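Notes follow the structure.
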Amino acid sequence: MSEQLHPDIEFVLLSEKQIRGIVQDLGAQISKDYEGKSPLFVSVLRGGFVFTADLMRAVTVPCSVDFMAVSSYGDGVKSSGVVQIVKDISTKIEGRHVIIVEDILDTGLTLKYLIGLLEGRHPASVAVATFAVKDIPGCTPAIEPAYVGTHVPNEFVVGYGLDYAERYRNLPFVGVLKPEVYS
Ligand code: IMP
């Protein structure tokens with residue numbers, strides 16, 4: 001898909017090539033940090049599935065994956081602060097090293113809730129890998145992830161798993177949506 005041609009995209013923020021580099025770096029870091037361990041990736045659906053698939057393939061230690069579906073935004077562009085577990089993992093995590101994999105950290109409220117939930121199940125450790133952190137002037141996210149792929153400006157971004165109203169997740173790049181699409 002050509003990066004220039006999508007009519008709803010204002011501009012491309014991260015190209016496919018840049019994304020590949022970011023994920024390779026994170027995979028190498030995680031492989032080093034978890035040497036001798038076998039982490040479980042908990043992918044946060046729906047946005048995290050594309051990043052999770054790439055990240056797992058960039059990791060060289062033995063690892064497994066499970067999925068959790070949460071709903072925090074509905075179809076809008078503003079955080080509601082309300083996290084609803086739509087689907088839970090089925091893996092028993094007691095004594096396991098868990099890495100929660102998220103697409104983008106905005107307020108951090110979704111992840112704060114998930115960390116608390118999973119820590120209550122007595123894993124050996126819980127870390128967070130987020131593809132992006134949204135930089136919002138004057139706002140500090142509720143949690144600090146161990147692994148951050150990149151930072152993005154305070155814009156509504158789509159692609160590489162990120163949606164607006166369930167669309168654009170399939171774009172291979174991350175782009176800023178034209179405001180007229182959601183206003
Ligand atoms: P938080 O709880 O405010 O950190 O919200 C995080 C979740 O909101 C992410 O997992 C996304 O699903 C969604 N989100 C936040 N910013 C964006 C964006 O710019 N585009 C698409 N989804 C977003």
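Remember, predicted model here, so these are calculated numbers, not experimental data. Side chains are part of it too, since the values below use all heavy atoms of this structure and drop only hydrogens, waters and symmetry mates. Just follow the structure's listing: the first ligand is 1, and inside any ligand the first atom is 1.
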Quiz item: Counting only N and O atoms by type, is there a donor-acceptor contact under 3.5 Å from the side chain of Lys32 to the main-chain atoms of Gly27?
Solution: no

Quiz item: Looking at residues at least two apart in the chain, or sitting in another chain, which of them share a ring-ring contact (aromatic ring centres under 6.0 Å, His included) with Tyr168?
Solution: His6

Practice problem: Between Ile104 and ligand 1, find which residue part has any heavy-atom pair under 4.0 Å and reply side chain, backbone, both or neither. | Solution: both

Practice problem: Report, in ascending order of atom number, the atoms of ligand 1 lying under 4.0 Å from any heavy atom of Thr107. | Solution: 1 (P), 2 (O), 3 (O), 4 (O)

Quiz prompt | Gly108 heavy atom under 4.0 Å from ligand 1 | solution = yes

Exercise. With heavy atoms of Phe156 as the reference, note each atom of ligand 1 found under 4.0 Å away.
Key: 17 (C), 18 (C), 19 (O), 20 (N), 21 (C), 22 (N)

Please tabulate, for side-chain N and O atoms in residues 139-157, each donor-acceptor pair with protein atoms closer than 3.5 Å (sequence neighbours left out).
| unit_1 | atom_1 | unit_2 | atom_2 | d |
| --- | --- | --- | --- | --- |
| Tyr147 | OH | Asp33 | OD2 | 2.6 |
| His151 | ND1 | Asp135 | OD1 | 3.0 |
| His151 | ND1 | Asp135 | OD2 | 3.4 |

Quiz item: With a 4.0 Å cut-off on heavy atoms, is Glu155 touching ligand 1?
Solution: yes

Quiz prompt | ligand 1 to Leu111 polar contact by distance, N or O atoms, under 3.5 Å | solution = no

Quiz item: Does Arg96 come within less than 4.0 Å of Asp66, counting only side-chain N to carboxylate O?
Solution: no

Quiz item: Closest approach of Pro62 and Pro39, non-hydrogen atoms and distance?
Solution: O-CD, 3.3 Å

Self-check item: Subset of ligand 1 atoms that lie under 4.0 Å from at least one heavy atom of Asp103
Solution: 9 (C), 10 (O), 11 (C), 12 (O)

Practice problem: Return yes when Val158 approaches ligand 1 closer than 4.0 angstrom through a heavy atom, no otherwise. | Solution: no

Quiz item: Given Val157, Val152, Thr110, which one has a non-hydrogen atom that is nearest to atom 2 (O) of ligand 1?
Solution: Thr110

Quiz item: Within the side chain of Thr107, is there an N or O that forms a donor-acceptor pair under 3.5 Å with the backbone of Leu109?
Solution: yes

Quiz item: Under 4.0 Å from any heavy atom of Leu162, which atoms of ligand 1 are there?
Solution: 21 (C), 22 (N)

Quiz item: Do NZ/NE/NH1/NH2 and the carboxylate oxygens of Arg169 and Asp163 come within less than 4.0 Å?
Solution: yes

Quiz item: For Tyr160 and Asp54, does a side-chain donor sit closer than 3.5 Å to a side-chain acceptor?
Solution: yes

Quiz item: Which ligand 1 atoms, with their elements, are less than 4.0 angstrom from a heavy-atom of Lys134?
Solution: 16 (N), 17 (C), 18 (C), 19 (O)

Exercise. For Asp163, take its heavy atoms, then give the atoms of ligand 1 lying under 4.0 Å from any of them.
Key: 21 (C)

